[in-house]
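Structure first, then comments.
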Amino acid sequence: MVRAEAVHKRFGPVEVLKGISLEVAAGEVMCVIGPSGSGKSTFLRCVNHLEKIDGGRLSVDGALVGYEERGGRLHELPEREVARRRSEIGMVFQHFHLFPHLTVLDNVCSGPVVVKRLARREVEEAARELLEKVGLAEKADAYPRQLSGGQQQRVAIARALAMEPKLMLFDEPTSALDPELVGDVLAVMRSLAEEGMTMLVVTHEIGFAREVGDQLVFMDGGVVVESGRPREVIASPSEERTRAFLEAVL
């Protein structure tokens, strides 16, 4: 579902990604851990072309992200086509980015109505089912300001799912939450994994990575330092840098 081949990204003179290569199979959950500034979130944003890569190749479901190949060279796609392909990739950010002037139900309906141009009556039933799925059916008519952070994040997940994505990206979805609110969000993510959703998750929740992840990637300094099965990497990391990080966070 996701294939990165020697992906590079720089911001001015700073090279943030230094040749990232990894693969996520359909139905897999890959968890990415590492210290702040290691390039994890930047890589995630490159996957749906919120950031343009400076080298290498990045594809989702067999199609290059943001580019097409002509005559052996990559050419950036028109923004409309980029937006169409991006609509197939759900993304949940650290901060919830809900529309504050819309109700919870309207937030969930907004993508299919605005982007896919579906009739409101077509999407509302599905939106209510998604709110039921994330445990917030009774909050359909509430506004974001009336919700806790954990509830807002679950609405954000429902809003992403409303687009029926083939891939879900999570950028530290629990790091802005009070500790007692984290569990409800992780429970929703766990249920998505059990249903076979392909997920790429940047997280500090090592327990979630151990229990739910199919692959664990440790990044530092813009490179993949170590990867493997989560339980194996966490229990006996082969790289000293990985070991030091895990000892600091566990």
Side-chain angles (χ1 to χ4, degrees), residues 1-2 24 26-29 44-52 58-68 76-147 149-171 173 184-185 187-201:
M1 182 61 73
V2 180
V24 186
E28 272 193 339
V29 177
L44 210 65
R45 292 172 64 85
C46 288
V47 172
N48 67 354
H49 206 59
L50 288 175
E51 298 289 354
K52 301 175 184 178
L58 190 52
S59 60
V60 172
D61 199 20
L64 290 171
V65 175
Y67 300 90
E68 63 179 355
E76 190 167 9
L77 292 167
E79 182 56 37
R80 178 175 293 184
E81 178 61 18
V82 172
R84 186 190 68 78
R85 295 191 184 186
R86 188 181 289 140
S87 71
E88 300 175 340
I89 304 171
M91 186 158 185
V92 178
F93 298 89
Q94 177 178 345
H95 299 287
F96 326 117
H97 296 306
L98 299 178
F99 300 116
H101 61 291
L102 298 181
T103 66
V104 164
L105 183 62
D106 290 340
N107 264 280
V108 178
C109 290
S110 61
V113 170
V114 175
V115 179
K116 291 188 172 182
R117 300 183 182 277
L118 299 178
R120 169 64 183 243
R121 64 181 179 276
E122 292 181 46
V123 302
E124 186 169 317
E125 182 179 354
R128 290 187 183 277
E129 290 176 359
L130 285 170
L131 289 174
E132 179 77 35
K133 182 186 185 75
V134 300
L136 291 172
E138 76 286 357
K139 298 293 186 181
D141 297 323
Y143 287 87
R145 64 179 180 275
Q146 298 171 309
L147 306 180
Q151 289 171 330
Q152 290 187 61
Q153 193 62 294
R154 284 184 279 155
V155 174
I157 294 172
R159 184 177 63 177
L161 292 174
M163 294 295 288
E164 300 182 324
K166 60 179 69 173
L167 167 68
M168 284 287 287
L169 308 176
F170 292 88
D171 188 7
D184 290 338
V185 173
V188 171
M189 295 170 63
R190 185 176 286 106
S191 71
L192 289 178
E194 290 170 353
E195 293 168 9
M197 173 64 74
T198 310
M199 297 162 58
L200 183 53
V201 184

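All heavy atoms count here, side chains included; hydrogens, waters and symmetry mates do not.
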**Message:** What I'd like to find out is whether the side chain of Val92 reaches to under 4.5 Å of the side chain of Met168, using heavy atoms alone.
**Reply:** yes

**Separation between OH of Tyr67 and NE2 of His49, rounded to the nearest 0.5 Å** = 4.5 Å

Indicate every side-chain donor-acceptor pair of residues 115-122 with a distance under 3.5 Å to a residue at least two apart or in another chain.
{"residue": "Lys116", "atom": "NZ", "partner": "Met163", "partner atom": "O", "Å": "3.0"}
{"residue": "Arg120", "atom": "NE", "partner": "Glu124", "partner atom": "OE1", "Å": "3.0"}
{"residue": "Arg120", "atom": "NH1", "partner": "Asp106", "partner atom": "OD1", "Å": "2.7"}
{"residue": "Arg120", "atom": "NH2", "partner": "Asp106", "partner atom": "OD1", "Å": "2.9"}
{"residue": "Arg120", "atom": "NH2", "partner": "Glu124", "partner atom": "OE1", "Å": "3.4"}

**Prompt:** Does the side chain of Phe96 reach to within under 4.5 Å of the side chain of Pro144, using non-hydrogen atoms?
**Reply:** no

**Message:** Are there over 12 heavy-atom neighbours, none belonging to Glu138, within less than 6.0 Å of that residue's CD?
**Reply:** yes

**Message:** Using side-chain heavy atoms (C-beta onward) and a distance below 4.5 Å, is Val155 in contact with Val134?
**Reply:** no

**Message:** When you compare the side chain of Ile89 with that of Val60, does any pair of heavy atoms fall below 4.5 Å?
**Reply:** yes

**Request:** Report yes if the side chains of Arg85 and Leu77 come closer than 4.5 Å at any heavy-atom pair, otherwise no.
**Result:** yes

**Message:** Let me confirm one number: the CG-SG distance from Leu169 to Cys46, rounded to the nearest 0.5 Å.
**Reply:** 11.0 Å

**Request:** Measure the NE2-CG distance between His97 and Asn107 for me, rounded to the nearest 0.5 Å.
**Result:** 12.5 Å

**Request:** Answer whether the closest heavy-atom distance between the side chains of Leu167 and Val47 falls below 4.5 Å.
**Result:** yes

**Student check: side-chain heavy atoms of Arg45 and Met91 closer than 4.5 Å** = yes

**Request:** Any salt bridge (Lys or Arg N to Asp or Glu O under 4.0 Å) involving residues 86-105? Give me the pairs, sequence neighbours left out, ordered by first then second residue.
**Result:** Glu79-Arg86, Arg84-Glu88, Glu88-Lys166

**Asked** If you round to the nearest 0.5 Å, how far is CD of Gln146 from CD of Gln152?
**Response** 10.5 Å

**Asked** Ile157 and Met189: side chain to side chain contact (heavy atoms under 4.5 Å, CB included), yes or no, with the steps?
**Response** CA-CA 9 Å; Ile157 294 172; Met189 295 170 63; 4.3 Å; yes

Side-chain donor-acceptor distances from residues 191-201 under 3.5 Å, at least two apart:
{"residue": "Ser191", "atom": "OG", "partner": "Val188", "partner atom": "O", "Å": "2.7"}
{"residue": "Glu195", "atom": "OE1", "partner": "Lys133", "partner atom": "NZ", "Å": "2.7"}
{"residue": "Glu195", "atom": "OE2", "partner": "Lys133", "partner atom": "NZ", "Å": "2.6"}
{"residue": "Thr198", "atom": "OG1", "partner": "Gly27", "partner atom": "N", "Å": "2.7"}

**Prompt:** What distance separates Phe170 CZ from Leu44 CG, expressed to the nearest 0.5 Å?
**Reply:** 10.0 Å

**Prompt:** Can we say Glu132 and Arg128 salt-bridge, meaning some charged N sits less than 4.0 Å from an Asp/Glu carboxylate O?
**Reply:** no

**Request:** Rounded to the nearest 0.5 Å, what's the gap from CD on Gln153 to CG on Leu98? Could you check?
**Result:** 8.0 Å

